[in-house]
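So the structure is just underneath, and the comments pick up after that.
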Amino acid sequence: MRSELIVRYGLWIGGGVIFMIGLGHIFMPAYGYPANVTDGWSAAALDHFYYLATYSICGFLLAIGALSFLHGAGAVTKLTAWFASIMSVLWALRLVLEIKYPVAIPINFVEQPHAPIVAAITIATFAYLASAIAAWRCLLRNEA
């Protein structure tokens, strides 16, 4: 029973963090970056790299968050364990990328966004990792 709660809350916490980041991306093209970030960009570059990429990332993050909530609400299965495992690897890799290539431009009125981004991704990574470990333990103990 305790393992199931860790799975559930780990997925809800990780998914909640990622869902909130996704919601923040909705406003990024309009308010997220200072005007000088895109000065000199062509209309095609703005459409592709700025709007399309930002809204695609937004959609991906919202979908990952929603899938996390759905997996957290159900029974612990192999699919749940694999999902949590893959999410922990995904967000660990994203954390490595943030450390190697830190965000150094203001985002959504945050002058130095690197530290908050690292904090959010670290929370999500460890929430998914705890959920994955608990899910596999639950399945191995045949608790589910």
Side-chain angles (χ1 to χ4, degrees), residues 1-38 41 44-144:
M1 181 67 166
R2 185 170 150 238
S3 294
E4 290 179 17
L5 291 176
I6 294 170
V7 172
R8 175 172 289 125
Y9 292 127
L11 287 169
W12 286 352
I13 291 167
V17 169
I18 300 309
F19 196 85
M20 295 301 290
I21 294 170
L23 289 176
H25 277 71
I26 291 172
F27 304 104
M28 286 184 81
Y31 305 106
Y33 301 112
N36 67 344
V37 169
T38 56
W41 287 29
L46 274 172
D47 286 349
H48 180 75
F49 291 106
Y50 194 61
Y51 294 105
L52 178 63
T54 300
Y55 288 133
S56 294
I57 291 168
C58 173
F60 301 149
L61 294 171
L62 293 174
I64 288 170
L67 287 169
S68 300
F69 298 147
L70 291 171
H71 278 286
V76 178
T77 65
K78 282 187 180 180
L79 182 61
T80 306
W82 277 113
F83 178 79
S85 299
I86 292 167
M87 289 298 101
S88 65
V89 170
L90 171 74
W91 293 108
L93 292 173
R94 175 61 182 92
L95 184 59
V96 168
L97 289 171
E98 180 60 34
I99 291 167
K100 183 163 175 55
Y101 305 104
V103 174
I105 58 173
I107 297 176
N108 288 335
F109 313 109
V110 178
E111 287 297 317
Q112 301 292 325
H114 175 65
I117 290 171
V118 167
I121 296 171
T122 299
I123 291 167
T125 300
F126 282 103
Y128 283 121
L129 182 59
S131 184
I133 292 168
W136 289 113
R137 287 183 71 184
C138 188
L139 292 170
L140 290 173
R141 290 180 178 171
N142 204 15
E143 290 180 13

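FYI, the numbering just counts along the sequence from 1.
- Between Ser85 and Trp136, the closest heavy-atom pair is OG-NE1, 2.9 Å.
- Here the side chains of Val7 and His71 are not in contact, with every heavy-atom distance at 4.5 Å or above.
- Nearest heavy atom pair, residue Arg8 against residue Ala73, reads NH2-O, 4.0 Å.
- In the displayed structure, Trp41 atom CH2 is contacted under 6.0 Å by more than 12 heavy atoms of other residues, nucleotides or ligands.
- In this structure, the separation between OG on Ser56 and NE2 on His25 is 10.5 Å, given to the nearest 0.5 Å.
- The minimum heavy-atom distance between Pro113 and Pro116, with the atom names listed, is O-CD, 3.1 Å.
- With sequence neighbours excluded, no residue satisfies ring pair (Phe, Tyr, Trp, His ring centres under 6.0 Å) with Phe126.
- A salt bridge links Glu98 to Arg94: one of the charged nitrogens lies within less than 4.0 Å of a carboxylate oxygen.
- Residue Ala130 comes nearest to Ile6 through the heavy atom pair O-CG2, 3.6 Å, listed as atom of the first residue, atom of the second, then distance.
- Here Cys58 contributes atom SG and Ile21 contributes atom CD1; the two are 11.5 Å apart, rounded to the nearest 0.5 Å.
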Starting from the C-alpha separation in whole Å, work towards a yes-or-no answer on side-chain contact (heavy atoms from CB on, under 4.5 Å) for Leu11 and Phe69. CA-CA 6 Å; Leu11 287 169; Phe69 298 147; over 6 Å; no
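- Taking all atoms of both residues into account, the shortest heavy-atom contact from Ser88 to Thr125 is O-CG2, 3.8 Å.
- Expressed to the nearest 0.5 Å, how far CG of Leu97 lies from CD1 of Ile117 amounts to 12.0 Å.
- No side-chain heavy atom of Phe19 sits under 4.5 Å from any side-chain heavy atom of Leu61.
- Looking at heavy atoms from C-beta onward, Trp91 lies in side-chain contact with Ile18 at the 4.5 angstrom threshold.
- Residues Trp12 and Ser131 are not in side-chain contact: their nearest non-hydrogen atoms beyond the backbone lie 4.5 Å or more apart.
- Atoms CG and CZ, on Leu90 and Phe83 in that order, are 9.0 Å from each other to the nearest 0.5 Å.
- Under the ring pair (Phe, Tyr, Trp, His ring centres under 6.0 Å) criterion, Phe60 pairs with no residue at all, not counting sequence neighbours.
- The nearest pair of heavy atoms linking Ala132 to Ala81 is CB-O, 4.4 Å.
- At a threshold of 4.5 Å between non-hydrogen side-chain atoms, the residues Asp47 and Leu52 do not count as touching.
- There is a side-chain donor-acceptor pair under 3.5 Å between Thr80 and Thr77.
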